[in-house]
Amino acid sequence: MLYADCLSINSLGHLAIDGCDTLMLAEHYGTPLYVMSETEIEKNVRLYQDSITDYYDGRGSVAYASKAFCCKEIYRIMKRLGASVDVASGGELHTALSVDFPPERIFFHGNNKTAPELARAVEVGVGRIVVDNLSELELLDSVARSAGKRVLIQIRIKPGIDPDTHDFVRTGQIDSKFGFALETGEAMDAVRWVMNSEGLELMGVHCHIGSQIFDINPFAHAAEVMVGFMAAVRKETGLALTELNLGGGFGIRYVESHNPAAYQSYMEAVSRSVKAACAQHELPLPFITLEPGRSIVGAAGITLYTAGAVKKIPGVRTYLTLDGGMADNPRYALYHAEYDACVAARAAEPRDTLVTLAGRCCESGDLIGEHMPIQPPQEGDIIAVTGTGAYNYSMASNYNRLPRPPVVMTREGSHRLIVRGESYDDLIAQDI
Ligand code: LLP
């Protein structure tokens, strides 16, 4: 289960993250607790950045998809690393701006952005607005004209690629709520619409085919389809688009059986595909943006819980109850997502007991996983679930009025609180 470089087992046999003993962290901050390794996050961003240098002569950028894990500190980190970010709502935009994240390095996404959100994005000068549909084009054009600005946009295309992943996180196929379809001519109509608009300038095209994808081929294929569209745009309208945003979606290893490719190989394959397609269509190479979310923060995070009752149901299963659950990690409930877990104090011992990790919400489906191998657990043990850095804190809820746990960031043996845990008073703060 030590899939991330930041995880290790220390001389006491305890699970450690970035050299910090997880039992010490649990004692110091309490449980449930999210812990994120800054070292791991930084390593992953650099891997992507370096792969763009190595395979595409540096003509590209990494835009971290902040929906995966969003708080002020992650924008500070991305700012320091020179990365761009993808925001998907006014709330994410506000969080980024609150720490002076450079607006020109922000991509604004969403399939139903509101007029106030668009107005704010235009006002602050967001780098690119990635437009999803015709209504949004019309709305944004009028927002741009009333602000007296020309707004730089990309349009989101459904490239018609259907990757092998969970139905809820597939987005590239024609039956998707996201983006303009190629097959129906909708995407080309959108290009013409923008060319005739006063307030908008089309810089490039965007696609995102889905999430937690292991196979590199769909990404390379999507890149080829997108370049084909850019060529068709130039032929039919004369417009030379210079930007190609290929979204995110690269899978990570949550459990032993997952086998993701090395991050570098995505850019290697994608750049080969883009270069070949550009040569075929006699197009100049576009500036590429990658938007990884999960693969930057996912493996960098763990969640620490304290075990409650161990319920053995003879011949059926053993429930190990936790002081958290679907409220801090809804991914098993939503996608039957898989995770690994261990008893933090005995991390080096064999995981030879199967348990169902159950949360404390009033739902039978409130599980972190079923039949998970773990060291024989006892009430009071600190239980670590690994690979929880993406789409856990950002998807947490207050169901059953459970306060959201704090988030701690580690870095080479040091640790610091980056998000305070909610108090009961926080929970009633908005109630009238
Ligand atoms: N770009 C766009 C436009 C996206 O919609 C997404 C994710 C990404 C980039 C980043 O994708 P990633 O590299 O993280 O796969 N809640 C689900 C995942 C939903 C992904 C939504 N969009 C989960 O927990 O698995």
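Starting from 1, each residue takes its place in the sequence as its number. Both counts, for ligands and for their atoms, begin at 1 and track the order of listing.
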Location of contacts on D86 toward ligand 1, heavy atoms closer than 4.0 Å:
side chain

Under a plain distance cut-off of 3.5 Å, with no hydrogens placed, do T39 and D18 share a side-chain donor-acceptor pair?
yes

Closer than 4.0 angstrom: is that true for some heavy atom of A68 and an atom of ligand 1?
no

Set of residues satisfying salt bridge (charged side-chain N to carboxylate O under 4.0 Å, His left out) with respect to R120, sequence neighbours excluded:
E123

Under 4.0 Å to a heavy atom of [X] - the qualifying atoms of ligand 1, by number:
| X | answer |
| --- | --- |
| M395 | 16 (N), 24 (O) |
| R294 | 12 (P), 13 (O), 14 (O), 18 (C), 23 (C), 25 (O) |
| H206 | 3 (C) |
| A65 | 8 (C), 9 (C), 10 (C) |
| H109 | 3 (C) |
| R156 | 3 (C) |
| G249 | 11 (O), 12 (P), 13 (O), 15 (O) |
| Y335 | 16 (N), 17 (C), 23 (C), 24 (O), 25 (O) |

For residues 90-100, run the donor-acceptor check on the side chains, cut-off 3.5 Å, and write out each pair with its distance to 0.1 Å, sequence neighbours left out.
residue	atom	partner	partner atom	Å
E92	OE1	A88	N	2.6
T95	OG1	G91	O	2.7
S98	OG	T95	O	2.6

Please work out which of Q212, H208, R331, E291 has its closest non-hydrogen atom nearest to atom 6 (C) of ligand 1.
H208

salt_bridge([X], [Y]) N-O dist < 4.0 Å:
| X | Y | answer |
| --- | --- | --- |
| R416 | E38 | yes |
| R420 | D426 | no |
| K158 | E186 | no |
| D86 | K67 | yes |

Close N or O approach (G210, ligand 1; < 3.5 Å):
no

Does NZ or CZ of R331 lie under 6.0 Å from the centre of the six-membered ring of Y335, at an angle within 45° of the ring axis?
no

